[in-house]
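Here the structure is laid out as structure tokens; the discussion comes afterwards.
The model shown is predicted, which means the values in this text are computed figures rather than measured ones. In listed order, ligands and their atoms are each counted from 1. No hydrogens, no waters, no symmetry mates; every other heavy atom, side chains included, goes into these values.
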Amino acid sequence: MVDRGFRQPRYDEPLVFDLGRDGRRGFSFPDFTEAGSEEIPARIRRQDLRLPQLSEIEVVRHFTRLSQMNWGIDTGPYPLGSCTMKYNPRLNEEIASLDQVQMVHLLQECEELQGALELIYRLERALASLTGMHRFTLQPAAGAQGELTGCLIMRKYFKELGEERREVIVPDTAHGTNPASAAMAGFTVVEVPTGQDGCIDVEALKGAVSAERTAGIMMTNPNTLGIFEKDVLEIAGIVHDAGGLLYYDGANLQGIVGRARPGDMGFDLVHLNLHKTFSTPHGGGGPGSGPVGVKEPLEGFLPVPLVSEEEGKYRLFWEMPKSIGKVRGWYGAFPVLVRAYCYILTMGGAGLRLASGIAVLNANYFLKMVEGIRGFEMPFKGPLRKHEVVLSAQQLLEETGVTATDVSKALLDRGLHPPTIYFPQVVREAMMFEFTETETRESIDKYVDALREISALAYSNPQVLKRAPENTSVGRLDEVWANHPKTMTLSHRMCPGKGDQGAA
Ligand SMILES: *Cc1c(COP(=O)(O)O)cnc(C)c1O
């Protein structure tokens, strides 16, 4: 078999502003003046647009080359832990791009939207049965927005009860969005540490829970170390006994879908990331979908409207006086809902169960294969992992000076997209791999071989790794500068002379 690897072509692609020639155009408008229409008055005509001037084929080639300089799930594995970057079946795309989906508009009358409303209703039922929840809102546009929605529901719930509960407990392994969402909803965040076994330290939790102040706990299970919180039932008892609620961050549902349900573990609210577990391409900013499900006592607080059904007719149900209101325009990212529904139907219960099983198998296969590679350790030894594995390159750093960043750049040189690094923050030099069920054994083996080779290099010639990546179109970026709002190479070119105001 020919092994072509996953290497990307290497281009030295200029900016679009440096391509083309003055006066070149990729379009031709009809002459409006001939048709008798007025010319645009000179005083509102822009003179300084400085748009790139290219023919159509130059534009196509430029963007095609840029797309080939990029990494994507269609060209190679993308084991970005916690992100569940799995392959999304083309069938879902095809259905989501049907006119009946794309042309739907929620200003249409409900009678004209029966198909769309039925799909929303059925997807809600499917998610409820997969999670053990009573009802779902499909409005939130992302996981983080789902969390905020959940926190606002918790706040309103305690307000109705007349209780002043202002604290939300968040474990130190949590995704950064958890404390941020709780804080945005007006709560004070109380952090609890992780114990020796990679699970929440239950004794510390007992100390943090208060029957007066605790509104609830936000948990991810399996947590971001890929470990199933074995004490979840005890934790649920502790928080419920104090009158608090349990919020489940379901972005990691991939590890248990079809096998265990947050509702059965005692959670009162959950959000899911349809763009992770339920098959929508993501990265680069969306669109996403973060539905929120609740147990029956919280139903009335969900955002309006819900979709209700009566004698086979579907309608938007607004009569919810305790609702927290709307959290997004219209009804959610409808094509994402369509993909999720399609995915669930085509997989079926047995298929979803098999998928989570293979995802967990892939993670643990990788774990076994990297065991003993010098410099990489697995923190929190012991239990098998669920869908993801966190390694630490701390020993490698101490013994060779090579960091998790250097290892990631060296993976890029070998045509492999790196894992998530430096998260979760409880692991030093963290490298978090999630292969998902759609990766083959050969793909995983490529990572194992690459890590072994990189480790050997680190101990023999670490300087080479400091220069990586050398086989990519773009070398090592200044990551701080790349994220800085004053990074204005582009805006400088667009508006020369605008000085330091830049794109910020
Ligand atoms: C991705 C993720 C989130 C946030 O989801 P977004 O859709 O990116 O807002 C929250 N928690 C965990 C564990 C995640 O992996």
Side-chain angles (χ1 to χ4, degrees), residues 73 78-86 88 127 131 136-152 168 170-185 189 191 194 198-200 217-229 232 246-257 262 267 269-293 327-328 332-333 335-337 339-340 356 359 363 385-390 419-427 430-436:
I73 198 74
Y78 212 118
L80 213 50
S82 209
C83 292
T84 310
M85 303 294 287
K86 59 189 188 182
N88 303 290
L127 297 179
T131 54
F136 265 88
T137 172
L138 308 186
Q139 264 182 55
Q145 203 195 4
E147 292 168 26
L148 179 62
T149 304
C151 289
L152 292 174
V168 166
V170 179
D172 60 1
T173 50
H175 196 271
T177 49
N178 289 190
S181 303
M184 274 180 81
V189 176
E191 192 176 275
T194 298
C199 294
I200 291 177
I217 184 170
M218 296 179 85
M219 272 177 75
T220 310
N221 194 20
N223 64 28
T224 58
L225 294 163
I227 299 173
F228 191 87
E229 295 280 357
V232 63
L246 277 91
Y247 181 94
Y248 181 84
D249 175 340
N252 285 355
L253 194 76
Q254 176 73 14
I256 58 168
V257 71
F267 288 95
L269 307 94
V270 317
H271 87 258
L272 302 175
N273 275 25
L274 296 187
H275 49 287
K276 291 183 183 171
T277 319
F278 295 97
S279 178
T280 268
H282 68 119
S289 176
V292 173
V327 296
R328 186 189 189 280
V336 181
L337 306 183
R339 288 190 193 97
S356 61
R385 295 326 196 221
K386 292 292 178 237
H387 59 302
E388 64 196 4
V389 170
V390 180
T420 298
I421 54 174
Y422 300 105
F423 175 74
Q425 285 164 345
V426 293
V427 175
M431 306 192 75
M432 185 193 213
F433 292 86
E434 177 180 8
F435 286 98
T436 83

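- Of all heavy-atom pairs spanning L272 and L127, the tightest one is CD1-CD2, 3.8 Å.
- Listed by number with element, the atoms of ligand 1 under 4.0 Å from a non-hydrogen atom of A142 are 7 (O), 9 (O).
- Atom 6 (P) of ligand 1 has its closest protein heavy atom at G143 N, 3.5 Å.
- Side chain of Q139 to main chain of V327: a donor-acceptor pair is present (N/O by atom type, distance under 3.5 Å, no hydrogens or angles).
- A donor-acceptor distance shorter than 3.5 angstrom exists from the side chain of T224 to the backbone of T173, with no hydrogens or angles considered.
- Between the side chain of E388 and the backbone N or O of M432 there is no donor-acceptor pair closer than 3.5 Å.
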task: Evaluate side chain to side chain donor-acceptor pair (under 3.5 Å) for E147 paired with T177, printing each intermediate quantity in order.
output: CA-CA 8 Å; E147 292 168 26; T177 49; 2.8 Å; yes
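- In this structure, a donor-acceptor pair under 3.5 Å is absent between the side chains of E434 and S82.
- Under 4.0 Å from ligand 1, the heavy atoms of N273 that appear belong solely to its side chain.
- The N/O atoms of S82, backbone and side chain alike, include one that comes under 3.5 Å of an N/O atom in ligand 1.
- With respect to atom 9 (O) of ligand 1, the closest heavy atom belonging to the protein is A144 N, 2.8 Å.
- The contact set between ligand 1 and E147, taken as ligand atoms under 4.0 Å from a residue heavy atom, comprises 10 (C), 11 (N).
- Note: H275 and H282 have perpendicular aromatic rings, judged against thresholds of 30 and 60 degrees for the angle between ring planes.
- Residue Q145 places every heavy atom at 4.0 Å or more from ligand 1.
- In terms of polar-atom proximity, N178 is not counted as a contact of ligand 1, lacking any N or O under 3.5 Å from an N or O of the ligand.
- Here's the thing with H275: one of its N/O atoms is less than 3.5 angstrom from an N/O atom of ligand 1.
- Between D249 and ligand 1, at least one pair of N/O atoms sits closer than 3.5 Å.
- Within ligand 1, the atoms closer than 4.0 Å to a non-hydrogen atom of A251 are 2 (C), 11 (N), 12 (C), 13 (C), 14 (C), 15 (O), numbered from 1 in the order shown.
- Judged by distance alone, with hydrogens and angles left aside, the side-chain atoms of N223 form a donor-acceptor pair with the main-chain N or O of G198 at under 3.5 Å.
- Remark: minimum distance from atom 1 (C) of ligand 1 to any protein heavy atom is reached at K276 NZ, 1.5 Å.
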